[in-house]
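Down below is the structure, laid out as structure tokens.
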Amino acid sequence: MAKTIFITGATSGFGAAIAERFAAGGYRLIITGRRQERLGALAAALTAKFGVEVITSCFDVRDKAAVETAIAALPQIPVDILVNNAGLAAGLSTIDAGDTDDWDLMIDTNMKGLLYVTRTLVPNMVARKNGHIINIGSTAAKTVYRNGNVYCATKFAVDALSQSMRIDLLQHRIKVTAIHPGMAETEFSLVRFKGDVSRAAGVYEGLKPLHAEDIADTVWYCANLPAHVCINDLTMTCLTQANGVYAVKDADTL
Ligand SMILES: NC(=O)c1ccc[n+]([C@@H]2O[C@H](COP(=O)([O-])OP(=O)(O)OC[C@H]3O[C@@H](n4cnc5c(N)ncnc54)[C@H](OP(=O)(O)O)[C@@H]3O)[C@@H](O)[C@H]2O)c1
């Protein structure tokens with residue numbers, strides 16, 4: 001029987017690429033996000049291309065009741081892999097000038113949303129003594145960068161939670177992997193800069209960033225290792241980025 005992967009934030013970027021990678025590998029998918037039309041279109045495309053079953057579930061990870069209701073309404077299929085990917089950065093400013101609504105949005109999505117989804121799905125993994133949680137962190141989880149304050153804090157939290165989950169769930173034979181990507185060209189910067197296309201494009205000018213498919217390939221690798229092997233923590237960047245602070249662009253003198 002096909003294994004099942006549950007992906008949050010599958011309407012765009014990493015989540016959509018992970019969905020495609022696992023569909024190509026014959027998995028059954030449960031794809032989630034807030035934009036139903038995108039979920040429907042992706043499900044139809046992946047089913048047509050790969051002949052796999054794709055279930056869509058539309059909810060906002062910040063809404064605890066909606067998370068629980070949406071997951072309870074799914075067919076009773078055991079989830080083998082949970083990818084906690086839904087997340088965002090909102091704004092980029094010093095702490096004294098930060099927009100507190102942006103802070104709430106990032107904390108509620110990146111930390112609390114990840115917790116709500118995990119809390120709802122993982123008891124079934126515990127009962128079955130089988131499962132793999134893959135949390136998408138960031139290089140921002142390892143090194144803070146200028147004006148990144150609250151976004152970095154939420155990703156540090158993802159790192160801490162991944163470590164904690166691993167300790168808590170080891171006794172149940174559940175794997176926990178944290179993947180920490182650097183700059184990748186998705187809708188991420190467009191969301192951070194609230195639709196400012198040129199500011200978003202500027203982030204990636206002068207370098208070749210990661211592609212969503214690079215992250216999807218890495219998730220695939222981590223998820224398909226022998227049963228006794230677990231990648232705990234993995235940081236990946238494009239060739240010209242060292243960490244969340246330091247990257248070399250074409251214009252820089254080497
Ligand atoms: N791109 C990068 O440079 C980069 C680097 C390191 C880490 N990351 C992390 O990687 C993850 C994916 O980012 P991405 O680059 O793929 O960005 P993206 O293209 O903007 O995708 C973000 C996804 O998250 C979903 N999402 C956001 N808020 C949500 C909410 N409240 N409820 C449910 N779903 C929500 C979005 O779906 P809906 O809008 O349809 O809800 C979308 O599918 C994020 O956690 C991000 O922090 C990104």
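These values consider heavy atoms only, across backbone and side chains, with no hydrogens, waters or symmetry-generated copies. For ligands, and for the atoms within them, numbers begin at 1 and follow the listed sequence.
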- Is it the case that more than 12 heavy atoms not belonging to Arg119 sit under 6.0 Å from its CZ atom? no
Any heavy atom of [X] sitting closer than 4.0 Å to ligand 1?
X      : answer
Arg38  : no
Gly182 : yes
Pro181 : yes

- Task: With heavy atoms of Phe59 as the reference, note each atom of ligand 1 found under 4.0 Å away.
- Result: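 In order of numbering, the contacting atoms are 32 (N), 33 (C).
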- Query: Numbering the atoms of ligand 1 from 1, which are under 4.0 Å from a heavy atom of Gly13?
  - Reply: 16 (O), 19 (O)
- Can you check whether Val79's main-chain N or O pairs, donor with acceptor, with Arg128's side chain at less than 3.5 Å? yes
- Are any side-chain N or O atoms of Arg28 and backbone N or O atoms of Lys3, one a donor and one an acceptor, separated by less than 3.5 Å?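 Checking the backbone N and O of Lys3 against the side chain of Arg28, no donor-acceptor pair under 3.5 Å is found.
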Polar contacts were defined as any N/O atom of the residue lying under 3.5 Å from an N/O atom of the ligand; does this apply to [X] and ligand 1?
X      : answer
Arg34  : yes
Met183 : no
Ile136 : no
Val61  : yes
Phe14  : yes
Tyr204 : no
Asn85  : yes

- Task: Report the part of Ala89 in contact with ligand 1, treating N, CA, C, O as backbone and CB onward as side chain, heavy atoms under 4.0 Å; options are side chain, backbone, both, neither.
- Result: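 None of Ala89 does.
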- Item | Ring center gap for Tyr116 and Phe59 short of 6.0 angstrom | no
- Could you tell me the residue and atom name of the protein heavy atom closest to atom 7 (C) of ligand 1, and the distance to it rounded to 0.1 Å? Gly137 O, 3.1 Å
- Should the pair Asp102-Lys194 be classified as a salt bridge under the 4.0 Å nitrogen-to-oxygen rule? yes
- Report the C-alpha separation of Asp233 and Arg166 in whole Å, then their side-chain angles, then the decisive distance to 0.1 Å, and conclude whether the salt bridge (charged side-chain N to carboxylate O under 4.0 Å, His left out) test is met. CA-CA 11 Å; Asp233 190 89; Arg166 190 171 307 113; 5.5 Å; no
- Message: What I want to check is whether the side chains of Asn135 and Ser162 have a donor and an acceptor closer together than 3.5 Å.
- Response: yes
